[in-house]
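The structure presented is a predicted model; accordingly, all values stated were derived computationally and were not measured.
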Amino acid sequence: MEIFGISSQALFGQLLLGLINGSFYAVLSLGLAVIFGLLNIINFSHGALYMVGAFVAWLGLEHFGLNYWAALIVSPLVVGALGIVIERLLLKHLYKLDHLYGLLLTFGLALIGEGVFRNLYGSSGQSYPVPEILQGGVDLGFMFMPLYRGWVVVAALSVCAITWYLIERTRLGATLRAATERPQLVQALGINVPVLVTMTYGAGVALAAFAGVLAAPVVQVNPLMGSNLIIVVFAVVVIGGMGSILGSIVTGLGLGIVEGLTKVVYPEASAVVIFVIMVVVLLLRPAGLFGKQA
């Protein structure tokens, strides 16, 4: 069967691939949006921490027999702890300065992280096995869907929904927003704002590590996997609106699907379609699709 002159197998296959890429975009851009929206830090080390999350899963399996399901918990905790150290030692000194300082610092940290892992493990990728229960696939009639790829979409959407609910619909989220907008007032109410800020940064980078573990069985675990993705993720955040939680989720998924469709219709444009959309959106809505206009 063909749809608009394209075989349904190819079309739905690329749609699934686009949805999977969009899931990674959504989780990564969500972490970036949380950090920028609540801490005002442009975290360029996010891609490197995504890579570290994947390496923690791979190293855990190779040296400690840590299985995939345990890695989904352990890796975000390890990278989240690393994020807490980074925030306490370095980033806390930059909150009152221009955004450029945070960008330069985190960019430097990303280069250091990539350099260390490249020196230790080289540039070639390390394979990470798909968990046994998620091997194989399901024949949907119009396409064959690998079980693991379906799991990636479900897991990513679940984490995005939980994060959005915690920040936008709970007392904890209201306290976090208040602590970033009126820290002196919140401190006067007996809440330890510095600890709250530190934990927020740790949670934001833990999301990157979670995405890294999800990606490990799909892509080769290598030191450059984060730098290959971070520019696209920043474009997603800009299109959705800097600091917008909902914008990051919706835009990440939507752009992943658009990218997948572009690979079918006009493959040559698939590498730039997201950036073309970013230019158009910024011309029409400088604050992004879901951002608040100044």
Task: Contact check, side chains of Pro223 and Phe55, non-hydrogen atoms, under 4.5 Å - done: yes
- [ ] State whether the side chain of Ser23 and the backbone N or O of Val152 hold a donor-acceptor pair below 3.5 Å, judged by distance alone.
- [x] no
Open item on the list: For a 4.5 angstrom cut-off between non-hydrogen side-chain atoms, does Pro131 reach Tyr148?
Closed with: yes
Task: Contact summary for Pro76 and Ala209, nearest pair of heavy atoms - done: CA-CB, 3.7 Å
Open item on the list: For the backbone of Leu224 and the side chain of Asn228, can you confirm whether one donor and one acceptor N or O come within less than 3.5 Å of each other?
Closed with: yes
Task: Nearest non-hydrogen partners of Ala57 and Ser75, listed with the distance - done: N-OG, 4.4 Å
Task: Test side-chain contact (heavy atoms from CB on, under 4.5 Å) applied to Leu61 and Asn67, step by step - done: CA-CA 6 Å; Leu61 180 64; Asn67 65 30; 5.5 Å; no
Task: Positive for ring-ring contact (aromatic ring centres under 6.0 Å, His included) with Phe234, one of Tyr25, Phe36, Phe44 - done: Phe44
Open item on the list: For Ile41, is there any backbone N or O sitting under 3.5 Å from a side-chain donor or acceptor partner on His99?
Closed with: no
Task: Heavy-atom side-chain proximity of Pro146 to Gln135 below 4.5 angstrom - done: no
- [ ] Assign the ring pair Trp69 / Trp151 to parallel, tilted or perpendicular, where the plane angle (0 to 90°) is split at 30° and 60°.
- [x] perpendicular
TODO: Could you go through the side-chain contact (heavy atoms from CB on, under 4.5 Å) check for Leu109 and Leu90 one step at a time?
DONE: CA-CA 10 Å; Leu109 291 174; Leu90 303 172; 4.0 Å; yes
Task: Same cluster (ILVMFWY, side-chain, under 4.5 Å), Val233 and Val272 - done: no
TODO: Could you tell me whether a side-chain N or O of Tyr165 sits under 3.5 Å from a main-chain N or O of Cys160, the two making a donor and an acceptor?
DONE: no
TODO: Please answer: with hydrophobic residues joined when any side-chain heavy atoms are less than 4.5 Å apart, are Leu104 and Ile112 in the same cluster?
DONE: yes
Open item on the list: Has Ser45 got a side-chain atom pairing as donor or acceptor with Ala110's backbone, closer than 3.5 angstrom?
Closed with: no
Open item on the list: Counting C-beta onward and ignoring hydrogens, is there a side-chain heavy-atom pair between Arg118 and Asn222 closer than 4.5 Å?
Closed with: no
Open item on the list: Can a side-chain donor-acceptor contact be found between Tyr95 and Glu87 if the only test is distance below 3.5 angstrom?
Closed with: yes
Task: Donor-acceptor under 3.5 Å (His46 side chain, Val205 main chain) - done: no
Task: Nearest atoms (heavy-atom pairs only) where Val27 meets Ala156 - done: CG2-CB, 3.6 Å
- [ ] Determine, using the 4.5 Å side-chain heavy-atom cutoff (strictly less than), whether Leu89 and Tyr101 are members of one ILVMFWY cluster.
- [x] yes
TODO: Measure across Ala215 and Tyr50 and return the closest heavy-atom pair with its distance rounded to 0.1 Å.
DONE: CB-OH, 3.2 Å
Open item on the list: Working to the nearest 0.5 angstrom, can you tell me the gap between Ile230 CD1 and Met51 CE?
Closed with: 11.5 Å
Task: Arg285 side-chain N/O to Ile239 backbone N/O, donor-acceptor pair under 3.5 Å - done: no
TODO: Check whether more than 12 heavy atoms from other residues, nucleotides or ligands sit under 6.0 Å from atom CD of Glu268, and answer yes or no.
DONE: yes
TODO: Please check if atom CE in Met199 has more than 12 non-hydrogen atoms from other residues, nucleotides or ligands closer than 6.0 Å.
DONE: no
- [ ] Take Ile231 and Phe275 through the side-chain contact (heavy atoms from CB on, under 4.5 Å) test and state the conclusion after the steps.
- [x] CA-CA 10 Å; Ile231 300 299; Phe275 301 103; 3.8 Å; yes
Task: Donor-acceptor contact present, side-chain Gln187 to main-chain Asn192, <3.5 Å - done: no
Task: Interatomic distance, Asn21 atom CG to Arg149 atom CZ [nearest 0.5 angstrom] - done: 8.5 Å
Open item on the list: Starting from Val85, can I reach Val116 by hopping between I/L/V/M/F/W/Y residues whose side chains sit under 4.5 Å apart?
Closed with: yes
Task: Spatial distance of atom CG (Leu157) from atom CH2 (Trp164) [nearest 0.5 Å] - done: 14.0 Å
Task: Residue pair Val273 / Val258: nearest heavy atoms and the distance that separates them - done: CG2-CG1, 4.0 Å
Open item on the list: If I take atom OG1 from residue Thr262 and atom CG from residue Leu255, how far apart are they, to the nearest 0.5 angstrom?
Closed with: 10.0 Å
TODO: Kindly check if the number of other-residue, nucleotide or ligand heavy atoms within 6.0 Å of CD1 (Ile133) is above 12?
DONE: no
Open item on the list: For the backbone of Ile42 and the side chain of Thr106, can you confirm whether one donor and one acceptor N or O come within less than 3.5 Å of each other?
Closed with: yes
Task: Test log, rule side-chain contact (heavy atoms from CB on, under 4.5 Å), inputs Leu91 and Leu94 - done: CA-CA 5 Å; Leu91 291 178; Leu94 305 180; 4.2 Å; yes
Task: Gap separating the CZ atom of Phe210 from the CG atom of Leu30, nearest 0.5 angstrom - done: 11.5 Å
Open item on the list: Ignoring hydrogens, what is the shortest heavy-atom contact between Ser244 and Phe290? Give both atom names and the distance.
Closed with: OG-CB, 3.3 Å
Open item on the list: I need the Gln126 CD to Gln220 CD distance, nearest 0.5 Å.
Closed with: 8.0 Å
TODO: Could you tell me whether a side-chain N or O of Ser270 sits under 3.5 Å from a main-chain N or O of Pro267, the two making a donor and an acceptor?
DONE: yes
Open item on the list: According to a hydrophobic-cluster definition based on side-chain heavy atoms being under 4.5 Å apart (Ile, Leu, Val, Met, Phe, Trp, Tyr only), do Leu17 and Met225 belong together?
Closed with: no
- [ ] Taking the side chain as every heavy atom from C-beta outward, state whether Ser29 and Ile249 have any pair of such atoms under 4.5 Å apart.
- [x] no
Open item on the list: Looking at Phe107, I'd like to know if its CZ atom is crowded, meaning that more than 12 non-hydrogen atoms belonging to other residues, nucleotides or ligands lie closer than 6.0 Å.
Closed with: no
Task: Heavy-atom side-chain contact between Leu207 and Leu32 under 4.5 Å - done: no
Open item on the list: I'd like to know whether Tyr201 forms a side-chain hydrogen bond (donor to acceptor under 3.5 Å, both in side chains) with Asn43, so could you lay out the CA-CA distance, the side-chain angles of the two residues, the decisive distance to 0.1 Å, and finally the verdict.
Closed with: CA-CA 10 Å; Tyr201 185 81; Asn43 186 34; 3.1 Å; yes
